2 protein chains.
Amino acid sequence: MKRAEREQPAARPEACNATTPMGRAIRLVGDVCILLIVINLLSGPRRFSELLEQLGHISSRTLTQRLRLLEELGFVERRAFLEIPPRVEYHLTPTGQEFGQVIAAIEEFARKNLADPLPPASCGTLCSAPSSDHSPVSRPVTASLCDESDALTEAGEEAEN
Amino acid sequence: MKRAEREQPAARPEACNATTPMGRAIRLVGDVCILLIVINLLSGPRRFSELLEQLGHISSRTLTQRLRLLEELGFVERRAFLEIPPRVEYHLTPTGQEFGQVIAAIEEFARKNLADPLPPASCGTLCSAPSSDHSPVSRPVTASLCDESDALTEAGEEAEN
DNA sequence: CTGGATCCAGGCAGATACTG
DNA sequence: CAGTATCTGCCTGGATCCAG
């Protein structure tokens with residue numbers, strides 16, 4: 001058995017409902033690799049190796065998987081030339097271009113709310129209790145994940161790992 | 001040590017550039033779990049256990065991680081009540097609501113391009129060779145991932161958002 | 001009694017090396 | 001250059017246990 005091994009390219013199916021369009025969409029969007037591929041392809045056709053470096057440290061295996069999934073969904077078209085040296089170009093189909101809208105939304109969101117890694121954050125400290133007089137224990141948003149794990153603040157190993 | 005173990009909540013940092021707003025955004029969006037959480041929270045505050053079932057088979061551990069990440073980013077606010085029985089509510093902050101725009105874009109994309117799992121797909125079979133007279137090997141888009149894996153076909157539970 | 005932290009084991013993702 | 005095969009590791013999910 002070759003190409004259809006035993007693995008789901010995108011996210012794990014249990015995570016969302018694949019029966020609805022939205023479910024499928026989430027599976028696509030909810031995959032960093034796919035997002036990155038589409039973003040790159042939005043700039044025009046790319047060759048396999050080009051994508052490989054553009055995406056950073058994605059393995060060829062993973063790239064192939066994602067590319068194939070996108071191809072099957074009709075978002076990406078693969079064009080292979082049986083020449084020496086071999087050449088394969090991937091480019092977005094019109095449908096795939098639509099994905100650009102989603103990317104755009106993400107970019108806008110990023111600009112508006114992620115310019116700074118840690119905005120004023122939740123008012124957190126005190127907020128009128130929703131429906132009872134109990135004390136809403138407000139946690140000072142201890143950035144546990146941010147300081148000691150590389151959650152979203154480290155500007156270190158982005159590509160040179 | 002309790003809550004900050006040793007793991008990255010969202011996607012692996014190597015996958016994208018965390019130094020740019022867009023990079024951070026991709027990390028958020030590129031996580032199915034996070035998407036699902038936000039979608040659920042868009043409908044209003046939820047309790048921990050509610051989210052747990054809404055998301056399906058996400059483990060409490062993973063849910064806690066994501067929730068905490070979103071909390072630190074200021075997208076989600078955690079409100080715990082020291083009462084008996086204990087109660088914890090999570091709800092989106094205004095900033096978190098912004099995320100709704102992204103969700104909306106995804107939904108629109110889903111409606112437009114994912115209503116049918118496998119659209120006409122890439123014309124694939126033949127397309128005018130881009131810049132050479134070699135034969136573009138057109139592969140019949142073998143739906144390897146779609147049929148034999150539960151990629152896009154299994155039916156499960158619904159998180160009606 | 002809920003929230004969630006820990007431990008264990010399994011599955012998916014990534015890296016490396018090889019082939020056409 | 002494109003893609004595949006195999007191995008390893010990390011993340012994830014499940015069960016269990018603890019704290020408030």
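Proteins get letters first, then strands, A, B, ... in listed order; numbering begins at 1 in each. Because the structure is predicted, anything quoted here is derived from the model rather than measured.
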**OP:** For Leu52(A) and dT16(C), give me the distance from atom CG to atom P, rounded to whole Å.
**Re:** 12 Å
Subject >> For atom OH of Tyr90(A) and atom C1' of dA2(D), their distance in whole Å >> reply: 7 Å
**OP:** Go through dA2(D), dG13(D), dT4(D) for me and flag the one nearest to the Ile58(B) side chain.
**Re:** dG13(D)
Subject >> Residue whose closest nucleotide on DNA chain C lies nearer the 5' end, Ser59(A) versus Pro86(A) >> reply: Ser59(A)
**OP:** Please confirm whether the backbone N or O of Leu114(A) pairs with a side-chain atom of Arg24(B), one donor and one acceptor, at under 3.5 Å?
**Re:** yes
**OP:** Examine dG13(D): is either OP1 or OP2 under 4.0 Å from a nitrogen or oxygen in the side chain of Arg66(B)? Give yes or no.
**Re:** no
**OP:** Using atom CD1 of Ile37(A) as one end and atom P of dA13(C) as the other, report the distance to the nearest whole Å.
**Re:** 12 Å
**OP:** Report yes if the side chains of Leu69(B) and Leu28(B) come closer than 4.5 Å at any heavy-atom pair, otherwise no.
**Re:** yes
Subject >> Passing option when Leu92(A) is tested against Glu98(A), Glu77(A), Arg46(A), Gln97(A) for side chain to side chain contact (heavy atoms under 4.5 Å, CB included) >> reply: Gln97(A)
**OP:** To the nearest Å, give me how far apart CD1 (Ile84(B)) and P (dG3(C)) are.
**Re:** 12 Å
**OP:** Counting heavy atoms from C-beta on, name the nucleotide in dT4(D), dA5(C), dG20(D) closest to the side chain of Leu82(B).
**Re:** dG20(D)
Original post:
Taking the side chain from Ser49(A) and the backbone from Leu52(A), do they hold a donor-acceptor pair closer than 3.5 Å?
Top reply: no
**OP:** Kindly point out which of dG20(D), dG3(C), dG13(D) is positioned nearest to the side chain of Ser49(B)?
**Re:** dG3(C)
Subject >> Nearest-Å distance for atom pair CZ/C1', residues Phe81(B) and dC1(C) >> reply: 16 Å
Original post:
Side-chain N or O of Gln65(A) less than 4.0 angstrom from OP1 or OP2 on dC12(C)?
Top reply: no
Subject >> Side chain Ser60(A) and base dT4(D) donor-acceptor under 3.5 Å >> reply: yes
Original post:
Is the shortest side-chain N/O distance from Thr62(B) to OP1 or OP2 of dT12(D) below 4.0 Å?
Top reply: no
Original post:
Think Arg47(B) has a side-chain N or O under 4.0 angstrom from the OP1 or OP2 of dG3(C)?
Top reply: yes
Original post:
Any donor-acceptor pair under 3.5 Å between the side chain of Arg61(A) and the base of dT16(C)?
Top reply: no
**OP:** Let me know the distance between CG of Asp31(B) and C1' of dT12(D), rounded to the nearest Å.
**Re:** 11 Å
Subject >> Leu63(B) CG - dG14(D) P separation (whole Å) >> reply: 12 Å
Subject >> Interatomic distance, Glu53(B) CD vs dT2(C) P [rounded to whole Å] >> reply: 11 Å
Original post:
For Ala105(A) and Val102(B), which heavy atoms make the closest approach, and how far apart are they?
Top reply: O-CG2, 3.7 Å
